[in-house]
Structure formats: C-alpha cells, structure tokens
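Accompanying notes for the structure given below.
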Amino acid sequence: MKKREVSILFLVVLITGLVYAAEKGKVVAVAAEGKTATAKVSGVAARSPYFLLFDGDGKLLEAVDNPYKAATRGAGTSVVDFLAQKGVTFVAAGEFGGKMLQAMKSCGIGWLEFHGSAGGALKKVLEGGNS
C-alpha cells in the first residue's frame, strides 16, 4: 500500500473507533435516595444523598455518596465538577437549580427531570428522553 492509502485507512479506523467509544462511553448519573436502582429519584440533584452511575447499556457501575449534599454554598456547580470527573455525560434528578443547569450546559452534560425510581429514570434516559 502507498503511504497515503495507509494514512486514509488509519483515519477511517480511528474515526470509527471514536464514534463507537462515544456511544459506549455514555455514563448516566441518577440522583437517588438509596444505593440501588429501585431507590427513589432524589428531589433536588445538588442535595441528593447518592448518585448511581450507569453505563450506556444500563449496567450499574457504582453508587457514590454525594460529597456536596450538605454544602452551604455552590453545591450545584461542585456536584457538576465531581460528576464530570467521573465521566458522567447525563444526569437525571427530580429537579435542578439554575446554577447547576448552567454548569452542566457548559460541560456538555445532558439532563432529565424525572420522578419515580432510579431504574425508571435510567430507562427514560436510555430511550432518548433527554434535555
């Protein structure tokens, strides 16, 4: 093969891999009152006791304590930074404050306001019901 053909082939493989990784790389955080998918979705995202992190296939990756649930100031933006460091691309909660929404928009994180179980919120997100 010529050098140019090899370069083009490499780019095609690289781009295909990145697209696949982007789809598979979706990490959904659900603000929850407990550590399982049957837990109730927390009313306010920034004050949620836990975040359940799921992959793009709906597998529970981990349940993490919200280190900012009792913060007196800046909980929303701090939570966004915390979740972004975890690779979160989407958040579901009962509701979001304005500053948290603004921080998620600037980080490219999507969101869904949902009332019900964490599993129900995850299902809605994976079906494409998002903001």
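For the single chain, residues carry numbers from 1 onward in sequence order.
Here the CE atom belonging to M104 is positioned 11.5 Å from the OG1 atom belonging to T77, to the nearest 0.5 angstrom. Here the CG atom belonging to L122 is positioned 13.0 Å from the NZ atom belonging to K124, to the nearest 0.5 angstrom. In this structure, the separation between CG on L112 and CD on E127 is 10.5 Å, given to the nearest 0.5 Å. To the nearest 0.5 Å, atom CG of residue L60 and atom NZ of residue K35 are 11.0 Å apart. Atom CD of Q85 is separated from atom SG of C107 by 10.0 Å, given to the nearest 0.5 angstrom.
Between the side chain of T89 and the backbone N or O of V27, at least one donor-acceptor pair lies under 3.5 Å. Remark: side-chain polar atoms of D57 are not paired, donor with acceptor, to backbone N or O of K59 under 3.5 angstrom. Between the side chain of N66 and the backbone N or O of A46, at least one donor-acceptor pair lies under 3.5 Å. With hydrogens and angles disregarded, no donor-acceptor distance shorter than 3.5 Å links the side chain of S48 to the backbone of A45.
Heavy atoms only, all atoms of each residue included: K105 and W111 are closest at CE-CH2, 3.5 Å. Residue T38 comes nearest to S117 through the heavy atom pair O-CB, 4.2 Å, listed as atom of the first residue, atom of the second, then distance. Considering all non-hydrogen atoms of both residues, G43 and E33 come closest at N-OE2, 4.0 Å. Of all non-hydrogen atoms in A71 and A75, the two that sit nearest each other are CB-CB, 4.1 Å. Taking each heavy atom of G94 and V41 in turn, the nearest pair found is N-CG1, 3.5 Å.
Of the candidates V64, V88, D65, V64 is the only one forming a side-chain contact (heavy atoms from CB on, under 4.5 Å) with F51.
V79 and Y50 sit in two unconnected hydrophobic clusters of ILVMFWY residues. Membership requires side-chain heavy atoms under 4.5 Å apart, directly or through other members. L126 and F114 fall within the same hydrophobic cluster, where Ile, Leu, Val, Met, Phe, Trp and Tyr residues are linked whenever their side-chain heavy atoms come under 4.5 Å apart, directly or through other members. Criterion: ILVMFWY side-chain heavy atoms under 4.5 Å apart, direct or through other members. Under it, V44 and M100 are not part of a common hydrophobic cluster. Hydrophobic clustering (side-chain heavy atoms under 4.5 Å, transitive across Ile, Leu, Val, Met, Phe, Trp, Tyr) groups L53 together with F82.
Counting non-hydrogen atoms of other residues, nucleotides and ligands closer than 6.0 Å to NZ of K69 gives a total above 12.
The shortest distance between side-chain heavy atoms of V125 and K26 falls below 4.5 Å.
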